[in-house]
Structure formats: C-alpha cells, structure tokens
Amino acid sequence: MAPVAPRSGDAIFASVERVNAELFTLTYGAIVRQLLTDLEEVEEVNKQLDQMGYNIGIRLIDEFLAKSNVSRCVDFKETAEVIAKVGFKMFLGVTASVTNWDADGMSCSLILEDNPLVDFVELPDTCQGLYYCNILSGVIRGALEMVSMKTEVTWVRDMLRGDDAFELQVKLLKQVSEEYPYKDDEYSEV
Amino acid sequence: MGREVSESCVDSLLTEIVSTYCNGFYANKPELAARRIEAIGYQVGHQLSERYTMERPRFSDHLEAIKFICKDFWSELFKKQIDNLKTNHRGTFVLQDNRFRWLARMSVDPSSENSSSPQDPSTMAENKAAQAVGMHLYFPCGIIRGALSNLGIPCAVSADISNLPACDRNNITKRNFDPCLVAPLTAHCELS
Amino acid sequence: MASTACFMIVSRNDIPIYEAEVGTALKKEDAAHQHQFILHAALDIVQDLAWTTSAMFLKAIDRFNDLVVSVYVTAGHTRLMLLHDSRNDDGIKSFFQEVHELYIKILLNPLYLPGSRITSSHFDTKVRALARKYL
Amino acid sequence: MAAIYSLYIINKSGGLIFYKDYGSAGRMDTNDSLRLASLWHSMHAISQQLSPIGGCMGIELLEADTFDLHCFQSLTGTKFFVVSEPGTQHVEGLLKHIYELYTDYVLKNPFYEMEMPIRCELFDINLAQAVQKDRVAFLGR
Amino acid sequence: MEPDVSIETSSMIRIAVLPIGPIPPSHFRDYVSMLVRHHKIELSTISSFYTEHQKSPFAQQPWDSGTLRFKFMVSGSPPSPWEDFQSNRKILAVIGICHCPSSPDLDSVTEQFSAVSKGYSSSLVQRCFAFCPGDSQLEDDRKKGGNLILFPPADRQTQEFHLQTMVQDIAASLLMEFEKWVLQAESAGTILKTPLDSQASLSSEEVIKAKKRRLGRAQKTIGDYCLLAGSPVDANAHYSTALELARLTGDYFWYAGALEGRVCALLMDRMGQKDPVLEEEVKYQYNSVILHYRKSFIQDNAQRVSPLSFELEATLKLARFLCRRELAKEVVELLTAAADGAKSLIDASDRLILYVEVARLFGTLGYHRKSAFFSRQVAQLYLQQENRLAAMSAMQVLAMTTKAYRVQSRASIAKHSLPNEIGSTHTDGGKIHHHSVVSLFESQWNTLQMVVLREILLSAVRAGDPLAAWSAAARLLRSYYPLITPAGQNGLAIALANSADRLPSGTRCADPALPFIRLHSFPLYPSQMDIVKRNPVREDWWAGSAPSGPFIYTPFSKGEPNHNSKQELIWIVGEPVQVLVELANPCGFDLMVDSIYLSVHSGNFDAFPISVNLPPNSAKVIMLSGIPTKVGPMTIPGSQGLVLSDPFRCCGSAKLKNVSVPSISVVPPLPLLVSHVVGGDGAVILYEGEIHDVWISLANAGTVPVEQVHISLSGKNQDSVISVAYETLKSALPLKPGAEVTIPVTLKAWQLGLVDLDTAATKNFSGSTVRQGKDGSSPMLLIHYAGPLENSEEPPTNGSVVPPGRRLVVPLNICVLQGLSFVKARLLSMEIPAHVGGNPPKPVHVENSSSEEVTGSESKTDRLVKIDPYRGSWGLRFLELELSNPTDVVFEISVSVQLENSNNEDSDSPVDRAAAEFGYPKTRIDRDYTARVLIPLEHFKLPVLDGSFFLKDSQTNGTTGKSSSFSEKNAKAELNASIKNLISRIKVRWQSGRNSSGELNIKDAIQSALQTSVMDVLLPDPLTFGFRLAESCSGQDAKLDSPKESDYQVQSTSSKGSVLAHDMTPMEVLVRNNTKEMIRMSLNITCRDVAGENCIEGKKATVLWAGVLSGVTMEVPPLQEIKHSFSLYFLVPGEYTLLAAAVIDEANDILRARAKTNSPDEPIFCRGAPFHLRTRSPTVASLGFKLAAINVNLDSLPKTPEVFSLDFRIWFQNAAIQP
C-alpha cells in the first residue's frame, strides 16, 4: 500500500473549512485584552498565552497530520520546513520561511512576514513587554512535543515592536522517546 | 470575501477561552467566568459591527439593525444566515441558527460527567452538560450583544440550548441517516 | 488644500477622542479654540440630523461665517466632524470614508478601549496625510 | 464482501481509549479487548525492533486465517486498528479516514480530555457511516 | 436693529416711560412694573374714554374683540431713522413717572416733563404719573389740570385700578390721535422718506412714478396705523393697495414693509391661534419679505445704510414665529442665515443684537450648545468694547453659557452651597455623589471649558466683580490645574488673591478653590469617653457593648457589631470633637489657608478655625475641632470626588478609600466620669502573686448626675482582679456633677509568662516596669454609666430615645515584677526512726488525725518525727521546694499546710482553719539567693487501699464488666480529686522586704514533683505495723479508738519513750489492714541492736522474750487492726530496733499490685517500719525489786548459759554500784 502522497499547504488550506480571518484575529485580540485586564501583569499574560497555545498545539497536531498526510519527517530540518510551509499555511493561510539554522541543525528561525493574528494591532505604551503572538510559540511547542520533540520556542523579532517581521526561534532540546521505545533509531542518522 | 483562516483556529481558541476561564481562573465561580467570556464576545461583536456596517447606511430602527445581525453580520461570521428570527414586538427577538458551527463538533457525554455516581443521575448530568455547553455559548451571546449595543441598541442576550445535539438522546437515530448534524443555537435578545 | 480645516472625532457620548488642525493657514491658538467651539455647537444639529437620514455623510450641516461644518456619522454613532472653508463635498466625503476606515482599524485594535482617546501617532499622521490629499 | 469486525484506538501509552464492534464475528468482552489492545501495543513496539530495516513503523497488517488486522499509527503515537474479514480491501484508507474523524470529532470536541477514553456521540455516528462497506470501497478509489 | 422683535411687533404702540425728577431706583422699578402690566388694552374697555369726533377711518375696527398693544420703552429710546418706514418705531406716547416725596415741587415736575416730552417729536400723548403725593401737593394740584396725574396714596389694588384707568385713557386718546392722523394723511397725504432713498432730486420723468410711490408708501403707513389702532382688517386693505403700488413702482423696500404689515394683520386677525395652513402662509409671505428686503439692497449707498438689518430682523421674526422642535431644521436654517448676515452688518451694536437673538432662539429650540456658542460671540463683542458695563453684560452672558459647557458655578447648581472647607461632593448615607465638576472631565472638551472660564474671569475682573472673578479662577484652578502651566497657575493664584482682598471678609464662595480637601477620618472618642447606646427596655444595656480583647483603642471595638457598615457617631453638646481632613495643594505655588474650619449646615456647632500653609505639591492631614452646641442631627459634607487626576495622588499622599461619613447626631449633655488612681496613675509594681489594693477615684466631670453604674472587667489577666468594691460605688449614686467617689480594687499579681520572664531577666526592673505599663497585659475596669433616663432641661429631640450611656475604661496598669521564682520541687525521703512510745498513736484516719495532732502539743521537732504508728516515719517523704530570689529585697517564706477536715462543717471559720494549719519555720531568702523549703508530706494519706488505684489489674480479677470498670473509673477520678485537694492544702506564702506579701503558686510544681511516686506517698501500705508498750499493771487491753483512752495513754507515756533493762517489758504489736479484704498472714517480730545484729536469735542473744515472736499467723479483717502481745527482756540497756514483718498468704491482685510483685506465686512480704527502743539500767532502788522479779521469772526460763552470764552482768552491775 503506497502511502497517500503528502499534500501541499495550499491544497489542504483550500480543502479545510475556513472562516473569516477577522473573527479569528479579533477573538484572539479580545482574549489578550481580557487577559491583560484580568492578570494585570504583562508577564503573566505572556505565560498564559503560551500555555493556551500549548493546549491547542497538542490537539491540533493530529488534525494537521491527518489532513496533510505528511509522513514521518526524516529530521528536524524537514520538520521545520513542514511546519513553515504546510502547518502555517493550512491553519493561518500564510506560509513562513525557515532560516538561521545553527551548525548542528538543532535550532532555526521561522519567519512570518504576514501574520493574521496582528492585523489592526498596535501596542499601546502600557503593554510594552507583551509578546502579543505568544500563543503561536505555544502551539508549535505543544505540537512538536506530541511528535516527540521537546523544543524551546522564543520570539526574536516582533513587528509590533517595530521589527520588520515576526521571527520565532525554535530550538530542539531533545527527543522524548520514553513512550516510544520503537522510535529510538528514528533520528539516529541525524 | 476577505482573508480567511482554518476554522479549527477559531474553534480551538474558543475551547481555550472556555477552559482557561472555567477551569483555570474561575474554576469555582462559573458566573464570573461566564461574565469574562461574554465580555470577550462583546468586544468582538462591538468591533465587528463597526467593521461590517462600514459600507452600509446607518440603521434608523432596531428591527433593521437586528435584521442586519441575522443576515450580513451572521453570514460574515458563519457563512450562513440566522435561520429564524422571531419577535414578540415588545423588545424580545429570538434568533435561531439551526446549524450553529460552534456547536457542530460538540458532543457532551453525560456518563463522563458523573463517573463518580454510576446510578441514574442522568438529569444532573444533563444539566451539568448543559452548563458546560452553556459556557461555550456566552461567547456568541457576547458577540451579538456587543454588535447590537454598538449599533445603539443596548440589550441582554441569552442563549437557549434546550435542544443541544447530545443533550437529548432521542434524535440520535434520526441523525444516523442524516450526515449533517443539527446544532441549533437560539439567542434571545431583550432590548433594554 | 483648504486654508482652514479642523478635524475632530467625537465619540457616541459626545466626547472628542481625536482632534487635529489640518489646514494650510498658520495655526493661531484662539483660532483653534474658535474651531472647537463651532464644532461643539454643531453637535446640536448633528444629533437631530443623524436620525433623519441613514446616510453616513451628512454633508455640510452647519456653518459659521465662512467656516463650514461637515459631518460623517458611523453606525456606532461616532461622529467625524470637519470644519473647513473650502467646499468640495467629494473630497471631504472620500476624506471621511478613508478616515472611517482608519478609525475602524483603530477600533479593531483589541488593545484600544472604545470611546477612549485616540493616541496612535500612526493614525494621526495618516489622517493628516489624507487631509492633505483630499481637502 | 468484506466486513469490518471491530475497531480499536490505543493512546500513545498503550491504553485502549476506544473499542467498537461491527458485525457479529469476533466479538469479545471488554476484558479481552483491553488485553488485546495492550498485547498489540507491545507487539507493535517489538516488531519495530525486530524488523531488519531501520526506521520501521511497526506491523501494518497481520493476516490470520480467520481475520486480518490492519493497523495505522499516527505520528503522535495513537494507534488505530481494525479487525476485519480476511482479505478486506482499502482498509488503510478507512483507517486514515477514521484518523480524520478522530481529529475532527474527538480532538475538536472541547469536552474531550486528551488520552482519555473516547465518548463522543458525533464520533460514533460518523464512524458508523464510515464503516459501511460501500464507504470503504468508495474510499479506496 | 432691535432686540426681541417678532411679527406682531408692527402692531405695538411704543410708549416712552421716563423718570421725572429724582426717583429711588427701587421705586421707579416698582412703578414701572405696575405700569407694564397693562400692555394689552381691550378696545371694549376704552370705549368709555373714547369720543368720536368725526367718522373713524378704521371702519372694521373690532370694538368687541380687538386690542391695542403697548410696548413700553422704559427710559425711552433714541428716535429711529426708520420711523417713517415703520410707524411702530415711533414713540407715540410719553409717560413720565414721578415720585412725589422726592420731588416736592410739582410745577418743576411739570416743566421737566414737558421738556423731556419735547424730545419725542413723534409722541401724540403725554402723561406724567406722580405717585404718592403729599396732601399739600394734592392741594395745589386742584388748580392745574393738564398732563400731571396724581396717584393719591392708597392700597395696592386701588392704585393699580387707578393706573389702569389712566392707561386706558391714554389708549383712548392715542386711538383718537391715530384717527386724526389717518384722516389727515388720507386727505393731505404725506412725505415719507427712509435713509435708503437717494438724496438726489427726482428727475421729471420719474415724478409720476415717485408720486405713485408716495401714494403706496402712504397707504402702507396708514396700514401701520390701522395695525396700531388694532384694526387688522382695515390694515389689510391698506396694505394690499400699498403692495400693489409698491410692486408697480418697484419700491421693494416698502413692498417688503407692507408685506410684513400684512402678515402681522393676518396674525392679529387670527387672534394668535396657529394652524399649519396659516404657518405655511406666514412662511411663504415672510420668505418673500426677506427676498424683497434683499432686493432693495442698493449698492451706491451700501456703506452708509443698508436694508440688511431689516432682512435679518425679518428672518429672526420668522424664526421666532416658527421656533418649535418639529421645525428645528427650518429654524436652524433661518438662524444660520441670520448669523451669516452678521459680518456684513455695519453697526457693531446691530451685530450684538443679532447674536443675542440668535442665541435666544437656539435656546428656545433646545439647542443649548448652539445658543451657548452665540452667547459667547455676544460676550466677545461686549469684551471688545473696553468698558465696565460691557464687561458686566459679557459676564452675565457668559454665565448663561456655563451650563452648556458644563462649567457651572456651583452656586448656580446647589442653592445651599457647600462650605468650601470640605470637598465638592454631597454625601448621604456615606455614599459619595460625584459633582458635575467632576463629571465634566469625562467630557474632554476641556480646552473649551478653560477658554470660557478664562473669559468669565477676564470679564469679571473688568466688571469689578470680585466674587465672580474668584469663582471663575477657583473653578479654573481646581479643575484644570494639570493642564495649566505653573506660570498660569500663579496668575490664577494672584487673581484669587486680588479678588479675595476686594471681597468683604467672611464672604463664602460656592466654588471651592484650593486646597483640595477630603475627609480623612473621624477620630473616635477616647475610650475614656465612649458612648454606648442604651435601650430603655433592657436593664443591662451595657451587656454586649463591652469591647473585646486588647483592641479597645481601635475604632472597631466600639461595641457596634456592624462597624463595617455605616457607622454612626454621637456627639455631645458641650464636649469638643475633632474631624481629620486631608488637604492637598497640587499646584506650583505656596498656598496659605488662613482660616479653615468645620462648618455645619445644621448650624449647631462652634468651630475653631485654624490656618494652614501648604507648600507647592504637598498634602497635609489636619485636625478640625469644634463644640456641638445644640441637640439634633449634624451633617458633615463628605470627601473630595476625584478630578482630572487625583490631586492627592500627585501630592504623593496615599490613595484613600472613600471615607464613609457617619451619620452624626448630637445628644444632650451626658455625665462624664473621669478616673484616677489614688497615689498616681503610674503602673502599680507588684511581685508575682502579690496581693495589693489600689484605690481608684471616680469623679463626675459632666453636668449631669450619674445614676446608673455597672462595672465589668476586660482585657487580659482578668482573674488578677480579686475584688472590686462595686457596692461602694453603687452606694455613692447618684453621683452629682463634680462629686467624687473612691473605690478599692484588690489585685493579685499574675505569674509572668515565660516571655515576660526572660525579658524581665534581660531588662532591669525599671525597664520592664515601663514595658509592663505599656503592653496590654493588664486588665481593665469597664465602667458603664448613664445619667437619668430622660433629662429634664432639653425635651427629647427624637421621640422616646433615651440619652445614651457611656463607658469609662480604667486600665489597671499593673507592672508585675518577677518575685520569688520557683526553681524546682522534688521529693525527698529520709529516715527518721520512730520511738516506741507508751502512747499508742492512733491510726491516722485523715479525718480525725488532724484533731489528734492538734491536741498533742509538743515541740515542732517532736512533731516532725511524730509518726504514723503503722507506717512509722521510715521513708518519711518531704517535698523540697527550691526557690530563688532574683529581686533586690529579702523574702521570707512560710509554708503552711492546711488540713481542712471534711467532717466538721464549720471548718471555714477562721478559728478552726488556724487550728487546722501547720506552720513551719519561716525560711528567709536573701536577694539573689536560692533556698530550699521542706514540706513534710507525712500528713497525707488515704485511709484505704482499694482496687480503684490499680485499674490496670482490675481485669484480672473475676468481677470485670462495664459496671465495675465504670465504678473503677470514677473511683480513679475521685482518687485524683483527693490527690489534688491534698496538694492544694500546701500554701507557700511570702513576705517581701518591702512588706508586701503574696502567695506562691506551686500547685502544678508539686503535682509534677509527686507525679512519679504519688502512689507511694499517698497510698497506705496494705499492712502497717506499730509497736507499743502494753499496760504493765492493768491487763485490760486498750480500746484503741476511744479518745479518752488515748488521752490516758498520752499522759502515761508522756514521761519517757523508754523502758528499763532487766525487766520484762510487755509489748504489743499492732497490725492494721488497710485494704478492703481480709488478710491472712504470718507475722514475725525481730529485734536488732545498734549494730543491727539480731539479738533475739543466735547465741549472742541479749534479749529474752516471752510469747511468740515468729510465724504468728493471724487474720486481719478489712480496715481492722489486731494486736499481738509479747514481752521482751533486755539484758543490756541501749538502743534497740524492733521490726515487724509479715508474709501474706494468698494475696489478692491489689496486694500484689501494691507490692509491685510480678509473679503471682511469689510470696508477698510486708515489713513495718523500724521502731526504736531505748532501755535504761534500773536505779538501785528498783534493783532489788527487779532482781526478784527476775528470779521469779528465771524459773520460767530454761537453764541456759545466758542466764548466768546475765547474772554475772547483774552482779557486775551491782558491784559497779556498790562503791
């Protein structure tokens, strides 16, 4: 049985149920605002957003896998590419680019020029230090964890802070393989 | 049609809002959680209404505004209109969406609710379930209220989930033949 | 471009949330005050007029001496008011429409509290640019 | 003329989170199903170690003379397997589809807790439709 | 242009009203007001005055329904150049008004009047009304008739009536004049010119046209007169022809005029009722009026004159006519148009009038912002003309705008203005309503608001109205300080200062300036003066009002359970009170508040003003005080609502929750107790356990007698107050004002806690004294007291509410010094052997032993060894108390053991107690020494040994079961009880060097000391043995229990506790069974000599005996004793020790338990205490006798070597005696 060929991000995006992006953007914004009022501390809000992202990620990954037909990635490089090209596309309808690989291919940057989360957003002075999009980092972290990659995701650039793009640094910490004894060798050639 | 994102983005956001506020911050104070969730919806509604009324003339009366909510506004959000609008002409409007997307994926399992007490309390489970779903409905209610009050119609919006998918057992059979599932939302707007 | 133009956004509860003296004439403070006075007074007329029409752009609804007040009322009853001495309705209309879009952007900013003062410098520059373009 | 006997879903830690019987053959009681699940979990794991080629994903098809067992494992470690009449076709497709249903109706159901036994009515309903033979055939094309 | 014109204006007859001669303004105003009431005169009413000379030109004059309208021009007006054009502009009559008292000479009055009347060439009728003339004036008035009309003094009605008739007369004569005029005009025609008409003489070919014009204009004017004469129909006819002619001759201006007239006629005809049709008509006509006025604009003389003002007036007239909400749109258009005209008006005053009118009309339309806007325009026009009057008007106009701009002076809002001491918000029920001054900041129009206020300030300064200036400056400063530059702030400060100087002192301005003030708190009455509600029904009204715990000084311990909710305050007439307020000066200048005080609306309060100085950007909390003067409720305005930014915040003072303002009520005077401790209020210094009396004197410092008193305790260590002489206090009631009573309070210093101890150790005493005085460890007396239930002088203000009671808190601050400190107690046992006395000591039953002991009057030492005959003094137990004295004085300890005997009731009577006590020798402990005190425990024994002591064994004996175990339980309990009470009988009293005395509390110490061996100490042995000498002579055995007997015994043996050697001594051993069961046993008696050798058995035996000494089996019934007799013969005098011991057969568990045996079969062996026995050698005298005695006895003795040796020894003794 030859496995079904992986589908392109656009193809999937075209196939999945879609909704008006404004609804999404504003809902997210409203959440952030509510969190800001409830938690007061910007740091707390960042944490909370990341946590929410994580919770989303651990569920979303399956949908991603199911609908994208991507088979197991050879290595972290490929994983990153898939996230950037397929993952982002299929959910947010935008693609990211992957750069800044470090020597041992354990960390890279995902770069988003276009980010539906931040349409209309402008950080008031009161919210300096807020990582508005922190939910994304959470999602990625959560999703990768489900496919046995412990990662650390941090913001390098943030348009809301005047940078020219959004840059997420994804650093692969380790392969969690406890519950997958049979996956020991999966990345052996990496 | 403007920019779009995958539906699951919004769905998972919703799920997270609810779980964050119901299980996180206000685990033991559902009414507070509800208020927060509603507030989030309110803001969204408030903003969107301003957004979607941009090209259209202003409303001269309430009915127009509410019609707008049922038609244009709703289809902007859900790609479908409200299926049924009723009013008692005394300031109460009933909006009904027979296939409310945000309920389409929900199935509440009563037995999961009352794992502790296996015997009977299906009723209790029922309304626990209802309550859980209710939490998810504060958001759309908020949206409607926000939109209306931005259009100069202060009102109270409540959702009625009496006939929620998994809440009544008897129409499962019916469903089996009919792949598109019924997920009705009924929103009552009390103009104040 | 109009020599005098004072633009103002008044929230639904009659609070000015943005004002800008746009216009080539050199700004004198008391002149600016005078402008605000005129606009403030014009609100009386707007509030009656707004209900008589469903159009957003109410055209010139009031004037004092050679200064004209044009108003644009959004669905949310936010009022964009322009005091000006030049009379090209089309220019003003498109000015209003574009400012309205800007305003909506502001409003869509989740971190902006509706009805509060608009402090965004970006918005300010945009508005002034539009003024230069249309008035 | 091929029939699906039963469907199992095992979470990544080997727990049986869903079991459903279709058709008469190969019924078992809860305990047996649990036993089978855990047994399969470990067999699957071992099979990878045993396999001569590296990076093997474990058993995909087990053909017995009274039944076939098709298994699909998602990258997240969730295993779906169906026990079917020998020689049933297109089961991979079915499993794939089931996986999608799982993501749609289980993971997207706000009331479902990860890794927990699945009690989602909508999932059942959609499964029921998917498992109908013609659907199976259809999926194959 | 003219103010206040309307369409009807054209029908009004102008009458100049002029003051003639000096008139006090008030009077003039009064007369005028009387006059102007008659501005409408029914034609019907004047018919009587009207005399038709010739045929009236007003054919259709409606005599029944029509009216004449008057427009009184008070103090006249300059003639208008347009009189020809609109006759209603003419002054058609002149009324002089004269106040006779101030202008006696009526002739001069008449002259003056006619003089001024000349000024009004157009006037047709002149009258001079002279009010309240003197009689003389009335006199000479008779002579001259003429225009002078006197109003003889009379009541108002008559005067008004008189006036009315006069006015009607004027009306009538005017009417007749009009007729004349019209007739003359119709016949002769007139030349009518307006400033518009070009001066150039008409060219010949225009003459015709000109003639027509003239005709037309004449018709128009006649029409005017018809209007004035109140005959619209005639007017209409004339106007129509006029219009026709004007149209033909293109005389637009007059056309418009005529048209106006016609509309007016139309309205008059309709008698004012409006209908849409009419409205349309009017609108239509007036638009054309306006149109034609505009048409008539002629370029060449535009500089000089223009019909514009008429156009505008017409516009305004129409606007006024239409001015209704529904027609807002049109009205607005009209008004805007009119306003536009302003700039092209030539005459500044015209512009002014125009704006005024526009503002008014907008106002009536409900467009307040609009009207405010134009009012401000007006004000600015005024301000342009630099004079005081203009400034005043400017001020007034601006004042009207303040509402629209939300910058009202508070005077205009709250009629009863708040005292500016306390912030700008009303409060009731503790809830704060923010004032509009605050609300205006939600509306961000502050630039406008500031501009307006500045203008008000400017105009006020110019107008020389210091109050207004102050209020404006204050509003500016207070509300907008954050937006005003420091320079600006200073400017305002100066403005404030200046206007303040020019204000009469004591003026109060409704608008608070700086400082910002907010209520800080209401300091409560010092607890010394607490007030407690008392409800008449409850006798013990104080109950529950007692403050709990040490928090008496905190506001919440006031006893009201609901302190958190609205708290209420009671102030007392005549007793000073304080309120704390916080002031803030957020501005950049130094603020000097030279008098700030509480002022109370209810006025029943004397405040003490103080003055404060607030540096820039600073805040202060100050205390305002005063004395309530009258009974009644009192309201203190609440705290400052927040302004732009909280001024207190920016002055760095903390954010303060809204202080809920208590509802204050002032009650009539109450009694007021003050207390002081006799001999200084300083802390009483006591050693631990010291007992001491303090005298507290209470004086009534109030003006009302104290009639009820109740004393209770509170605070810590309440038990240290032993007694309070409540009675003394009660007996002193009622305590008159000024009266004083002193009550003793007995204290017993408590034990210092460990904390206290070590601190006391570290600190020197003075230090600790201070500390003790401070901290709340002392108890306090709560004295609740109250005056008479209803007090006589003031009637109860609020119904049947009784005046409240009060509470006086007298802290008894006691400073406890560490006195004798108890180091430790331990149990000693020592051996003091007992003597075999002749006296058979009684079995010590706790009950009668005491009396027994008492009767025996021996030396203490003897008493120390006084023994329990059965227990002996062997292993006698002492309690050793180790005490140290850290103080700087000597202590003397006296231990006493009180043996209260339970069986005689009167044991409490002092005598018996004294009797029942042991004194032990005092022990003296020097400072910084420790000493030990011994307390013998010999006197404590329980009579019986029974099962209850050994519950642990109870299950082994057969009779177990619920009941038994139960009985055992309470048996156990009562054992413990008895142990306790035994211990409690030991009292250790001390006396300090500074003859204070007290008691040492060592109960628990002892208990712990006895803990281990309480059984051994307090429980009797199962068997106790005692020896005694039997009666030698009388064989009858002693009745042990008979007291008489015992007495005898005592005497007999009191001689000596010893026996003779060489003499057969009959003795008895007494065995007592202390258990509840029969005991069987075998008894052995041994005798040892000093060396401890057994001297009964063995070859060296030195004691002969008769009777059985060993293996004596006997049964002792429970709680009985048995005696066993035997005799001893001591060969050698000296010290001997008698010992009794017994082996108990088949002992029961109790015995085993007591004997602490572990195996059941091991025999239980009891031995008694050693008894000492001294034997003396007999005297010579007695020797022979003794020998004989011996001889007698020798027979009964077996021949043994001992005998001889005995003999020998006797001999030897004799020999020894021989010499």
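First the proteins, then the strands, lettered A, B, ... as listed; each starts at 1.
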Is any side-chain heavy atom of E/Gln377 closer than 4.5 Å to one of C/Phe64? yes
Side-chain contact, heavy-atom cut-off 4.5 Å: C/Phe37 with E/Val452? yes
Interatomic spacing from CG in C/Asp48 to CZ in E/Arg325 - rounded to 0.5 Å: 4.5 Å
Atom NZ of E/Lys283 with >12 non-hydrogen neighbours under 6.0 angstrom: yes
Which pair of non-hydrogen atoms, one from E/Leu448 and one from C/His40, has the smallest distance, and what is that distance? CD1-CB, 3.5 Å
Write down the atom of E/Lys370, the atom of C/Asp44, and the distance for their closest heavy-atom approach. N-OD2, 2.8 Å
Contact origin within C/Ile17 toward chain E - heavy atom pairs under 4.5 Å: neither
As an exercise: rank E/Phe362, E/Phe373, E/Phe374 by heavy-atom pairs under 4.5 Å with chain C and give me the winner. E/Phe373
So, the part of E/Ala404 with a heavy atom under 4.5 Å from chain C: the answer is backbone
I need the E/His368 NE2 to C/Leu43 CG distance, nearest 0.5 Å. 14.0 Å
Go through the steps for E/Arg369 and C/Asp14 under the test side-chain contact (heavy atoms from CB on, under 4.5 Å), then give the verdict. CA-CA 12 Å; E/Arg369 284 172 283 203; C/Asp14 287 2; 2.9 Å; yes
Turns out that what part of C/Asp66 lies under 4.5 Å from chain E's heavy atoms comes down to neither
Heavy-atom cut-off 4.5 Å, strictly under: side chain, backbone, both or neither for E/Ala372 against chain C? neither
Going by heavy atoms in the side chains, are E/Tyr367 and C/Gln47 under 4.5 Å from each other? no
Would C/His33 and E/Arg454 satisfy side-chain contact (heavy atoms from CB on, under 4.5 Å), going step by step from the backbone distance to the final call? CA-CA 12 Å; C/His33 293 162; E/Arg454 285 223 181 79; 5.7 Å; no
Are E/Trp445 and C/Gln36 close enough, and set up right, to give a side-chain contact (heavy atoms from CB on, under 4.5 Å), and what steps lead you there? CA-CA 9 Å; E/Trp445 295 98; C/Gln36 290 203 24; 4.2 Å; yes
